[in-house]
Amino acid sequence: MRYSKMFAPTLREVPAEAEIVSHKLMLRSGMMRKVASGIYTYLPLGWRTLEKISDIIREEMDRSGAEELMFPIVQPAELWQKSGRWEVYGDELWRVKDRHGRDFCLGPTHEEVITSLIAGEVKSHKQLPIMLYQIQNKYRDERRPRFGLMRGREFVMKDCYSFDRDDDGLDVSYHIMYDAYTRIFKRCGLDFRPVEADNGAIGGSSSHEFMVLADSGEAEILYCDKCDYAANTEIAQTADKPIKSQEPMGEVEKVLTPNCATIDDVADFLGFDTKKTMKALCYTADNEVVAIFIRGDRRLNEIKVQNYLGAVTFYMSTEEELAAAGLVKGYIGPIDQKIKVLVDEEVVAGRNLCCGANDKGYHLINVNYDRDFTGEIGQFRIVEAGESCPHCDGTLRSARGIEVGQVFKLGTKYSISMEANYLDENGKSNPMVMGCYGIGVGRTMAAAIEQNYDDDGIVWPLAIAPYQIIIVPVSEKSETQMAAAEKLYEDLTAAGYEVIFDDRSERAGVKFKDADLIGIPLRITIGDKSLAKGNLEYKIRRGGKSGVISVDNALTEIAEIMKEIK
RNA sequence: CGGGACGUAGCGCAGUUUGGUAGCGCACCUGAUUUGGGAUCAGGAGGCCGCAGGUUCAAAUCCUGUCGUCCCGACCA
């Protein structure tokens, strides 16, 4: 590609809208432009990288025995009503009407449409297993789109679905996909980690998220410093069991704590350590208000609570709901509580704790589980870095990650609701057992930049660089330089490399800056001084290693250099 | 959805407090001199000051509304 013909509008300054590195650099390097919040145009350079990633995904999906197909973006409401998600999905489902007033949605994912397809076409155990995938735009009407391609409302996703006759079959499909994902992200040059993840409302029994480690990541993960245990903090476990306090129990006492609505206020006012307090968090789970008590210094793990309750709808109770349940905000306690009470194991193990008195302005001290109150016990707090690994004697460390992919055992949730059944050898009808597997393609691209950049711009991993080599003649006025560049361009292109020939009439500095900004892995510079000696210069973008190669042997020597580039 | 900020040329911004000819840097066009890490000089083009009302002799500036964008939080399959 000749740079003079390329549509790659680079920017010297960062548009004010961009906050994180990948977003800034994608705008600056002319890879994308915003059309509306969370909706972007991919310019040629960005599209090339997106397609490179897509191609890697395709190769590994095909190698795994999955077949590519294409579903529609627009899906009729009936399909979603059948699965029950038309109601459950909420405002994130992008609903549209046609001219007749019929309801449709823009697909945020495709379980409904594929399960309905398979239900109609597949009837026999002989046709299973089946694995199908597509790479296509997805639509989620996010409340707050963020960080460029990290969280868009329209985004490119690879989604794959497996259909097996039983759980054993699903296990096989799941592991095939897990391995394929590992190969894909490795080939994209990413430093990533598969972590155990929440199954969420989608249902199912097992799930892993593939996290690219980066400080800008939205997800928090905990990983063991000894074994390979790693989990999203949402579901992370610890082997640590709270030690039962041997402190003798004191008498419960009601104390005045005016204007102490938060746990820090109360602890300060009474001179208590927050570890000696418990706090109440009230959630409405399927229309029932539930109080969860955890130690004052801990964070509540909403997902653990929701999963424990098996609730479909789950949110922090509103003031009205609290009042209706007879609760006094800021002073909620577990004693004589009428509503359902969940108690974290640390609260159970503690002694002489402080809690709300269910009376505005008052707290109770010397409160103890069993003697003074009861409730359902569990681990409802968020596990913190520093606690013990649940699998070995290692310690959990925390890191941030960008979720670029997820593999999921769906089980029969959709095959039952969408009636995807097959007949086994005995003529008995069974629901198919499903798995689903997603990769955010644009997010993978953004994550790759988050891990590969420097002050000058992007440092693309070779496998996903839009072009591999850029040829920069120092001056386009020099006929010898241009002739040498032209020949090298033709030779390299003929040899199968993807090459940019910077034939613009710009000063050398501008061309160097642009080459660095757009992150091309290898630069070949053609200047009079070295050309006079029969040489070309090269510079590797990552690490900045440079040197000379001979004009006569250029192809062979470049092939050698390319082997060094990751 | 709650809180905060912002909308002025393609990009980055000043001007708004105190109403009175719309500015700067980069990018862009012409020419000259330059030419190995974002050149210099001279000349030039480009703006419905987000939009709609209102106040006023006069509004980028004050008031009301509205649309859009970003950040924090909440939410998130």
Side-chain angles (χ1 to χ4, degrees), chain A residues 9-20 23-24 27-28 30 33-40 80 83-85 88-94 107-112 138-148 150-153 155 157 159 197-204 207 209 218-219 232 234 283 302-303 306-307 312-319 403 406-410 413-414 436-438 440 455-457 472-478 481 502 504-518 523-531 536-537 539 544 546:
Chain A
T10 57
L11 303 173
R12 291 194 184 190
E13 284 176 285
V14 189
E17 69 191 49
E19 196 68 21
I20 63 170
H23 192 191
K24 288 178 180 169
L27 290 170
R28 282 196 59 208
R33 288 291 184 266
K34 185 176 68 188
V35 173
S37 180
I39 297 175
Y40 294 90
W80 289 74
S83 73
R85 287 207 285 185
V88 174
Y89 211 110
D91 291 338
E92 215 173 284
L93 186 63
W94 201 317
T109 171
H110 282 69
E111 280 84 10
E112 279 75 5
K138 294 287 182 288
Y139 296 82
R140 294 185 189 178
D141 195 2
E142 295 281 350
R143 244 173 229 188
R144 178 142 99 90
R146 271 209 273 204
F147 303 146
M150 281 304 177
R151 183 170 290 272
R153 292 193 291 173
F155 56 98
M157 181 175 175
D159 47 324
D198 177 46
N199 296 316
I202 204 166
S207 169
E209 289 165 341
E218 290 188 273
N232 193 309
E234 287 174 347
Y283 282 77
E302 297 182 6
I303 293 196
Q306 183 174 7
N307 289 346
V312 176
T313 64
F314 187 76
Y315 57 89
M316 203 166 225
S317 304
T318 62
E319 306 248 347
E403 184 199 336
Q406 184 164 23
V407 291
F408 218 107
K409 288 187 185 176
L410 279 176
K413 182 179 164 76
Y414 294 97
C436 70
Y437 318 92
D455 289 345
D456 292 316
V472 181
V474 168
S475 169
E476 93 287 354
K477 295 232 175 77
S478 158
Q481 283 181 27
D502 196 344
R504 295 176 300 171
S505 54
E506 289 287 352
R507 296 165 64 88
V510 172
K511 295 191 245 190
F512 293 153
K513 286 287 186 188
D514 275 334
D516 287 348
L517 178 60
I518 65 178
R523 188 181 86 204
I524 305 290
T525 309
I526 301 180
D528 285 334
K529 276 175 259 168
S530 41
L531 204 53
L536 307 170
E537 296 156 47
K539 185 165 188 184
S546 59

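Numbers restart at 1 for each chain; the letters A, B, ... are given by sequence-line order, proteins then strands.
Aromatic ring orientation, A/W94 versus A/Y139: perpendicular (interplanar angle above 60°, classes split at 30° and 60°).
Rounded to whole Å, atom C1' of B/rC76 lies 12 Å from atom CG of A/N232. At whole-Å resolution of the value, CZ in A/R153 and C1' in B/rC76 are 15 Å apart. Between the CG atom of A/D502 and the P atom of B/rG38 there is a distance of 15 Å, given to the nearest Å. The distance between atom CD of A/E13 and atom C1' of B/rC11, rounded to the nearest whole Å, is 6 Å. The interatomic distance linking A/R507 (CZ) with B/rG38 (P) rounds to 8 Å, in whole Å. Rounded to whole Å, the distance from CZ on A/R143 to C1' on B/rC70 is 18 Å. One interatomic measurement links the two molecules: NZ of A/K34 to C1' of B/rU69, which rounds to 5 Å at whole-angstrom precision. Remark: P of B/rA74 and CE of A/M316 are 9 Å apart, rounded to the nearest angstrom.
Below the 3.5 angstrom threshold, one finds a donor paired with an acceptor across the side chain of A/D514 and the base of B/rG38. No hydrogens or angles were tested; on distance alone, a donor-acceptor pair under 3.5 Å links the side chain of A/R523 to the base of B/rG37. Residue side chain A/D516 reaches the base of B/rG37 through a donor-acceptor N/O pair under 3.5 Å, judged by distance alone. For B/rG10, its base never sits under 3.5 Å from the side chain of A/R28 at any donor and acceptor pair.
The partner of B/rU30, taking Watson-Crick or G-U wobble pairs whose two distances both stay under 3.5 Å, is B/rA42. In this entry B/rA14 has no Watson-Crick or G-U wobble partner, no candidate having both defining distances under 3.5 Å. For B/rU21, there is no paired base (Watson-Crick or G-U wobble, both distances below 3.5 Å). Partner assigned to B/rC76 is none, using Watson-Crick or G-U wobble distances below 3.5 angstrom. Pairing partner, B/rU56: none, since no Watson-Crick or wobble contact has both distances short of 3.5 Å. In this entry B/rC70 has B/rG4 as its Watson-Crick or G-U wobble partner, both defining distances falling under 3.5 Å.
Within 4.0 Å of A/E302, counting heavy atoms only, lie sugar-phosphate atoms of the nucleic acid but no base atom. Residue A/A16 is classed as a sugar-phosphate contact, given heavy-atom separations below 4.0 Å to backbone atoms only. Within the 4.0 angstrom heavy-atom criterion, only backbone atoms of the sugar-phosphate kind lie near A/V14; the bases stay farther away. If you check every strand for non-hydrogen atoms under 4.0 Å, A/K138 touches nothing.
Checking B/rG12, B/rA39, B/rU69 against every side-chain atom of A/P15, the shortest atom distance belongs to B/rG12. In the set B/rU69, B/rG12, B/rC71, the nucleotide with an atom closest to the side chain of A/F147 is B/rC71. Taking every side-chain heavy atom of A/L517 into account, B/rG38 is the closest of B/rG38, B/rA39, B/rG36. When distances are taken from the side chain of A/R144 to each of B/rG25, B/rG37, B/rA74, the shortest belongs to B/rA74. Residue A/E17 has its side chain nearest to B/rU69 when only B/rG38, B/rU69, B/rG36 are considered. Side-chain proximity of A/K477 to the nucleotides B/rC72, B/rU35, B/rG36 is greatest for B/rU35. Residue A/R146 places its side chain closer to B/rC72 than to any other of B/rG12, B/rA74, B/rC72.
Comparing A/S475 and A/V510, the nucleotide of RNA chain B nearest to each residue sits closer to the 5' end for A/S475. Residue whose closest nucleotide on RNA chain B sits further toward the 5' end, between A/G148 and A/F314: A/G148.
Distances shown here put every side-chain N or O of A/S37 at or beyond 4.0 Å from the OP1 or OP2 atom of B/rG68. Within the 4.0 Å cut-off from OP1 or OP2 of B/rG38, not a single side-chain nitrogen or oxygen of A/R12 is found.
Only one option out of A/L536, A/D502, A/L531, A/V474 pairs with A/T525 in a side-chain contact (heavy atoms from CB on, under 4.5 Å); it is A/V474. With A/Y414 as the fixed residue, the side-chain hydrogen bond (donor to acceptor under 3.5 Å, both in side chains) test singles out one of A/E111, A/E112, A/R85: A/R85.
Residues A/C436 and A/K409 fail the side-chain proximity criterion, which asks for heavy atoms closer than 4.5 Å. Residues A/D456 and A/L517 have side chains not in contact (no heavy-atom distance under 4.5 Å, counting atoms from C-beta outward).
Between A/D141 and A/R153, at least one side-chain N (NZ, or NE/NH1/NH2) sits under 4.0 Å from a carboxylate O, which counts as a salt bridge. Between A/E476 and A/R504, none of the side-chain N atoms (NZ, or NE/NH1/NH2) sits under 4.0 Å from a carboxylate O, so this pair counts as no salt bridge.
Atom P of B/rA14 sits at a distance of 27 Å from the matching atom of B/rU66, rounded to the whole Å.
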